[in-house]
Amino acid sequence: MSWLVPQRTALVLGGGGLKGFAHIGVMRALEERGIVPSRYAGTSIGALIAAARVAGVPLDEMERRAITVSKRDLFRLNRAGMLLERSRAPSLYLEQPLRDLVDAVVPEGSFRGLANELLVNTVDLERGAIVVWGLPGLEDVSIRNAVYASCALPGFFPPATVGGRVCVDGGTIDNLPTAIASLGVDVVIAVDVGNTDLGRAQDVTSRGFAAIYMRAASVMMHALQLSPLATWMGPPMLLIRPRVGHREWFAFSHAEEMIEAGYEGTLSALDDIEDGPLGRDLIYPRRRIKLSVDRDKCIGCGVCAALAPRIMEMDAEHKAFAVREEHEWSPADGEFVGQCPTAAITVESLATRRQTTRPVEQATVDR
């Protein structure tokens with residue numbers, strides 16, 4: 001990957017609960033390939049791990065902490081608040097355990113004077129606007145406080161006041177802040193662990209409030225992320241989507257699996273890029289695929305043509321068809337495929353000949 005090594009590179013780490021432990025594996029793979037980011041940006045657990053890395057916490061130490069963290073280390077019910085304040089309680093869980101976790105790995109002080117640039121994505125709850133701490137004019141605040149706010153999932157943990165603003169988890173608006181992180185860099189490496197493959201959730205309603213809330217949040221974040229990637233206009237982006245979608249956001253017993261998924265997903269993405277200059281406004285890796293429609297399954301609802309009018313159309317019998325069968329797609333393309341209510345659209349990787357009725361990254365990641 002000689003084309004990446006001398007470049008000014010931004011590493012963007014998305015939110016995704018404990019699935020974000022995959023970021024540790026991502027950074028280990030990048031380090032092995034000699035890729036050293038000059039800017040780190042993150043949301044939620046991505047912000048936590050980015051801040052720890054900028055602070056110089058070794059990857060081995062991060063991995064040890066990830067494997068040993070327990071549910072009680074993070075989630076302690078706000079019993080007094082719910083009893084005394086009821087619906088006016090600010091959160092389901094207490095603030096201090098999350099604060100302690102952040103303080104253990106995030107440096108003290110402000111964003112000024114860090115060895116590498118660090119951007120922490122939050123949302124100003126009162127103004128309803130993104131605030132990215134670490135940008136010019138937004139540096140003179142506590143890094144720990146900003147990271148806590150970025151991790152403070154609304155309803156689960158109380159908001160934090162950062163620089164006079166009431167802030168919560170940045171994933172509320174932008175779970176993968178690639179646009180802001182891309183300013184002034186040559187390459188963006190973005191790691192999506194929160195919304196990679198929504199798939200079909202089983203028995204959501206029987207697993208209580210938290211499961212329903214997190215499923216709804218995942219769907220929302222996934223939808224919000226589609227447009228920025230589909231309309232990407234910036235430096236070349238390497239989009240890494242580790243295979244972690246089958247795990248829940250707060251599954252504590254799978255840290256090693258998540259780390260390994262991040263490591264393997266990164267090596268796979270890097271190996272799929274050919275040496276040579278990368279094109280601006282493009283997302284990598286890019287793969288040749290073939291689209292087809294099962295006419296017997298197609299019910300003529302028109303969803304695919306509405307979502308991807310340049311790719312799909314309806315024929316005289318009101319059946320969907322691909323305007324052009326073969327395409328060169330990135331992991332960000334083909335979202336409409338998974339929206340077909342009868343799974344009538346198939347994507348085939350021309351490299352591996354694997355077929356799927358899910359979005360393109362699932363068709364091409366497997367080998």
Side-chain angles (χ1 to χ4, degrees), residues 11-30 40-53 59 62-71 73-75 98 101-102 105 121 147 150-153 156-157 169-172 174-178 189-202 204 207 210-225 229 239-269 331 358-359 361-362 365-366:
L11 177 61
V12 185
L13 306 180
L18 300 186
K19 292 188 289 186
F21 288 149
H23 294 319
I24 301 171
V26 170
M27 292 189 296
R28 188 176 296 282
L30 294 177
Y40 291 80
T43 297
S44 196
I45 192 170
L48 176 66
I49 292 177
R53 190 58 173 157
L59 293 177
M62 288 192 200
E63 185 167 348
R64 184 192 67 77
R65 287 181 177 274
I67 293 171
T68 57
V69 71
S70 68
K71 186 174 182 180
D73 291 332
L74 190 57
F75 296 117
L98 179 56
L101 182 63
V102 170
V105 296
N121 188 35
V147 170
S150 187
C151 295
L153 188 66
F156 278 61
F157 297 100
D169 190 338
T172 307
D174 188 357
N175 202 43
L176 194 66
T178 51
I189 301 175
V191 188
D192 174 16
V193 296
N195 316 294
T196 56
D197 177 20
L198 287 175
R200 182 180 178 86
Q202 301 292 333
V204 174
R207 290 187 281 139
I212 295 171
Y213 180 92
M214 290 313 304
R215 178 62 179 179
S218 294
V219 173
M220 176 192 71
M221 292 176 185
H222 179 78
L224 288 171
Q225 197 169 288
L229 293 177
L239 180 58
I240 301 169
R241 284 180 160 166
R243 297 301 302 273
V244 296
H246 60 293
R247 295 298 182 193
E248 295 183 355
W249 281 50
F250 300 114
F252 282 84
S253 58
H254 303 287
E256 291 177 283
E257 177 190 344
M258 298 298 98
I259 294 168
E260 182 63 21
Y263 179 80
E264 294 294 338
T266 302
L267 293 181
S268 176
R358 293 181 292 171
E361 68 264 16
Q362 301 307 320
V365 166
D366 293 327

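Counting from 1, the numbers follow the sequence of the chain as shown. The figures here come from the full heavy-atom set of this structure, side chains too, leaving out hydrogens, waters and symmetry mates. The structure displayed is predicted, hence computed values, not measured ones.
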With sequence neighbours left out, what residues match Ser70 under side chain to side chain donor-acceptor pair (under 3.5 Å)?
Asp73

Which residues satisfy the side chain to side chain donor-acceptor pair (under 3.5 Å) test with Arg65, sequence neighbours excluded?
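If we apply the side chain to side chain donor-acceptor pair (under 3.5 Å) test to Arg65, skipping adjacent residues, the hits are Glu61.
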
Answer yes or no: is there a donor N or O on one side and an acceptor on the other, between the side chain of [X] and the main chain of [Y], under 3.5 Å?
{"X": "Ser268", "Y": "Glu264", "answer": "no"}
{"X": "Asn121", "Y": "Pro177", "answer": "no"}
{"X": "Arg241", "Y": "Val193", "answer": "no"}

Search all heavy atoms of [X] against all heavy atoms of [Y] and return the closest pair with its distance.
{"X": "Leu18", "Y": "Ile45", "answer": "CA-CD1, 4.2 Å"}
{"X": "Ala261", "Y": "Pro242", "answer": "O-CB, 3.7 Å"}
{"X": "Leu13", "Y": "Val191", "answer": "CD2-CG2, 3.9 Å"}
{"X": "Met62", "Y": "Met27", "answer": "SD-CE, 3.8 Å"}
{"X": "Ser44", "Y": "Ser150", "answer": "N-OG, 2.8 Å"}
{"X": "Phe21", "Y": "Val69", "answer": "CZ-CG1, 3.8 Å"}

When you compare the side chain of [Y] with that of [X], does any pair of heavy atoms fall below 4.5 Å?
{"X": "Ile259", "Y": "Glu256", "answer": "no"}
{"X": "Ile240", "Y": "Asp192", "answer": "no"}
{"X": "Thr43", "Y": "Asp174", "answer": "no"}
{"X": "His23", "Y": "Leu11", "answer": "no"}
{"X": "Ile189", "Y": "Leu239", "answer": "no"}

Are the charged groups of Glu63 and Arg28 less than 4.0 angstrom apart, N to O?
yes

Val244 vs His254, test: side-chain contact (heavy atoms from CB on, under 4.5 Å). Steps then yes/no.
CA-CA 10 Å; Val244 296; His254 303 287; over 6 Å; no

Test log, rule side-chain contact (heavy atoms from CB on, under 4.5 Å), inputs Asp169 and Cys151
CA-CA 5 Å; Asp169 190 338; Cys151 295; over 6 Å; no

At what distance, to the nearest 0.5 angstrom, does CG of Leu30 lie from OH of Tyr263?
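The OH atom of Tyr263 is 10.5 Å from CG of Leu30, to the nearest 0.5 Å.
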
